[in-house]
Protein chains: 2
Amino acid sequence: MTVTEEPKPRRLTPKGRATRDRIVEAATELIARNGVAGTGIEDVRAAAGVSGSQLYHYFDSKQALIRAVITRQADSVLQPGEPRVTALDSFEALRAWADAAIERQVETGCRGDCNLGSLAGELSVRDEESRSDIANGFLRWKDLVLDGLRAMRDRGELRADADLEELALSLLSALQGGVLLSQTMLQVRPLEASMNAALAYIHSFAVDAVG
Amino acid sequence: MTVTEEPKPRRLTPKGRATRDRIVEAATELIARNGVAGTGIEDVRAAAGVSGSQLYHYFDSKQALIRAVITRQADSVLQPGEPRVTALDSFEALRAWADAAIERQVETGCRGDCNLGSLAGELSVRDEESRSDIANGFLRWKDLVLDGLRAMRDRGELRADADLEELALSLLSALQGGVLLSQTMLQVRPLEASMNAALAYIHSFAVDAVG
DNA sequence: CTGAGACTGGGTTGCGCAATCCAGAATTCG
DNA sequence: CGAATTCTGGATTGCGCAACCCAGTCTCAG
């Protein structure tokens, strides 16, 4: 929780916490559908069923709300899909994770996805604090993938000379790039292709890859 | 030029063409630095050295200007880098193309890139016409990569069973995802990793790959 | 119990922005 | 040549938006 935005009130009651959460969730859904720029405070207010004052009671500004959304999404650690995979420490788990991400796009018709990549695309160039939050989120995701890959290498499933950082980064990049293209082209093929490539790259470092 | 926005005046003189181009270029640079949402009409006006009326003389709206920027960028077919590579029909050319994209990020410190991917991230969810323009641009890029891969297969360098569409899509996705992560994390490693993975995937279908 | 703080609601403010208005100069074409 | 069109400039408009204001209710802690 190192990127957690401090709640605005000094003390947050369960009731206040619930209201705050409701606001963040409403914002997340609206941003998924309309983007950050296309989501106004009034939209969030209406969707969360609160007044304008409540919004500013819990968040200093629209930016603070956006950052709460970023935090929420970064904390959806295995966000690409349901069901939640506990660790990415086998080829099967990696493949399942990729398939879940693909399935998610299929279900939504490649529309409306509020993930770190789409937030980065909208915010990085003009909001340094949000960019930093998103970057931290990506780092945490990378570390999670890294942990899994490290476990695989320690079990002798990946070659000792594999650059695990590179593998993790290529997987994350493939995911974000695949989602971006799939959402733009309104078809799931780019994500399928990019995940196939990234997984194949990881597989090329499997100990029995030559077999 | 199938996605070309019709110029607003019925006839465009060389002088008018120059002014219009100057506006589009100014907009492109500003968008690279500040994003679409962070670039206002007044910013473009000042940077291009024209009046507000001139902007609306040449473009019906801000959206029309953005679409002209999209067209311009999609037409920068081998936009990822300089020098302009004439065709992506060999492993060497693909590697050079990837290296050029990486070099471009190195030169800019992973900041400020107005490519189809970043435009897609900002616009796709809330501007259907822009999304369509960008998607068409991606399709054209994919076709260009496809042409190169097809030539390689016809020359016997890629196996007949290679799914060239998948290879082209994985390469484009890796490029966009790599740029996105590199720009967010302000380091070039993600792009290096993603391009390595995509090129390795293509290479895994090389006819002499088993050697 | 009471004062302070958290929570809530609805209305208002002011500014930034895209777009328009008004007018004139430059160029083209019949 | 003159009418029509293109190009140009600067000021103004009006609306959408984020943020604030004012007031009241609820809850907690000393």
Side-chain angles (χ1 to χ4, degrees), chain A residues 5-27 30-31 33-70 122-123 125-127 129-130, chain B residues 5-27 30-31 33-70 122-123 125-127 129-130:
Chain A
E5 181 78 7
E6 275 302 308
K8 191 181 170 186
R10 205 173 53 193
R11 183 174 54 85
L12 208 53
T13 66
K15 187 175 184 184
R17 161 65 55 190
T19 301
R20 189 185 188 279
D21 287 349
R22 195 167 77 242
I23 295 170
V24 176
E25 275 208 38
L30 285 166
I31 287 168
R33 272 208 304 277
N34 306 309
V36 172
T39 298
I41 285 285
E42 168 60 25
D43 303 320
V44 180
R45 188 205 63 70
V50 297
S51 70
S53 299
Q54 283 183 264
L55 266 180
Y56 286 94
H57 175 75
Y58 292 104
F59 302 97
D60 281 339
S61 60
K62 181 179 178 181
Q63 187 204 15
L65 173 58
I66 299 298
R67 293 184 71 186
V69 169
I70 292 168
E122 281 204 72
L123 298 169
V125 288
R126 62 182 175 96
D127 181 348
E129 286 173 318
S130 295
Chain B
E5 181 80 7
E6 276 301 309
K8 191 181 169 185
R10 205 175 52 195
R11 181 174 55 87
L12 208 53
T13 66
K15 189 176 184 184
R17 160 66 55 191
T19 301
R20 189 184 188 277
D21 286 350
R22 194 166 78 241
I23 295 170
V24 175
E25 275 208 39
L30 284 166
I31 288 169
R33 274 209 303 277
N34 305 309
V36 171
T39 297
I41 283 286
E42 167 60 23
D43 303 319
V44 180
R45 187 205 63 71
V50 298
S51 70
S53 300
Q54 283 183 264
L55 267 179
Y56 286 94
H57 175 76
Y58 291 103
F59 302 96
D60 281 338
S61 60
K62 182 180 178 182
Q63 187 204 15
L65 173 58
I66 300 298
R67 293 184 72 187
V69 169
I70 292 169
E122 281 204 71
L123 297 169
V125 289
R126 63 182 173 98
D127 181 347
E129 286 174 316
S130 296

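Within every chain, numbering begins at 1; the chains are lettered A, B, ... in the order of the sequence lines, protein sequences first and strands thereafter. Keep in mind that the numbers below use all heavy atoms, side chains included, and drop hydrogens, waters and symmetry copies.
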Chemist: Once rounded to the nearest 0.5 Å, what's the spacing between atom CD1 of Ile23(A) and atom CZ of Arg20(A)?
Modeler: 8.5 Å

Chemist: Separation of Lys62(B) atom NZ from dG16(D) atom P, in whole Å?
Modeler: 16 Å

Chemist: Between dA18(D) atom P and Tyr58(A) atom OH, what is the distance in whole Å?
Modeler: 20 Å

Chemist: Taking protein heavy atoms under 4.0 Å as touching, what does nucleotides 21-30 of chain C look like 5' to 3' if B marks base contact, S marks sugar-phosphate-only contact and - marks none?
Modeler: B------SS-

Chemist: Tell me which one of Thr13(B), Val50(B), Leu12(B), Val24(B) satisfies side chain to side chain contact (heavy atoms under 4.5 Å, CB included) with Thr19(B).
Modeler: Val50(B)

Chemist: Please report, rounded to the nearest Å, how far the C1' atom of dG16(D) is from the CG atom of Asp43(A).
Modeler: 11 Å

Chemist: Hey, is the main chain of Asn34(A) close enough, under 3.5 Å, to the side chain of Arg126(B) for a donor-acceptor pair?
Modeler: no

Chemist: Nearest 0.5 Å please: distance from the CD atom of Glu129(A) over to the CD1 atom of Ile66(A).
Modeler: 13.0 Å

Chemist: Whole Å only: how far is the CG atom of Leu12(A) from the C1' atom of dG5(C)?
Modeler: 13 Å

Chemist: Roughly, in whole Å, what's the span from CD1 in Ile41(B) to P in dA18(C)?
Modeler: 6 Å

Chemist: Which distance, rounded to the nearest 0.5 Å, do you find between the OG1 of Thr39(A) and the CZ of Arg33(A)?
Modeler: 8.5 Å

Chemist: For the pair made of CG in Leu55(A) and P in dA6(C), what is the distance, rounded to whole Å?
Modeler: 18 Å

Chemist: Without decimals, in angstroms, what is the distance between Phe59(A) CZ and dC20(D) P?
Modeler: 15 Å

Chemist: Of Gly16(B) and Arg45(B), whose nearest nucleotide on DNA chain D comes first from the 5' end?
Modeler: Gly16(B)

Chemist: Taking only N and O in the side chain of His57(B), is any of them less than 4.0 Å away from OP1 or OP2 of dT8(D)?
Modeler: no

Chemist: Both Thr19(A) and Thr39(B) contact DNA chain C. Taking the nearest nucleotide for each, which residue is further toward the 5' end?
Modeler: Thr19(A)

Chemist: Working to the nearest 0.5 Å, report the span between NZ of Lys62(B) and CG of Leu55(B).
Modeler: 11.5 Å

Chemist: How long is the line joining CZ of Arg22(B) and C1' of dT8(D), in whole Å?
Modeler: 11 Å

Chemist: Does Tyr56(B) put a side-chain nitrogen or oxygen below 4.0 Å from OP1 or OP2 of dT8(D)?
Modeler: no

Chemist: Which heavy atom in Arg45(B) sits nearest to a heavy atom in Ser51(B), and how many Å separate them?
Modeler: CG-C, 3.6 Å

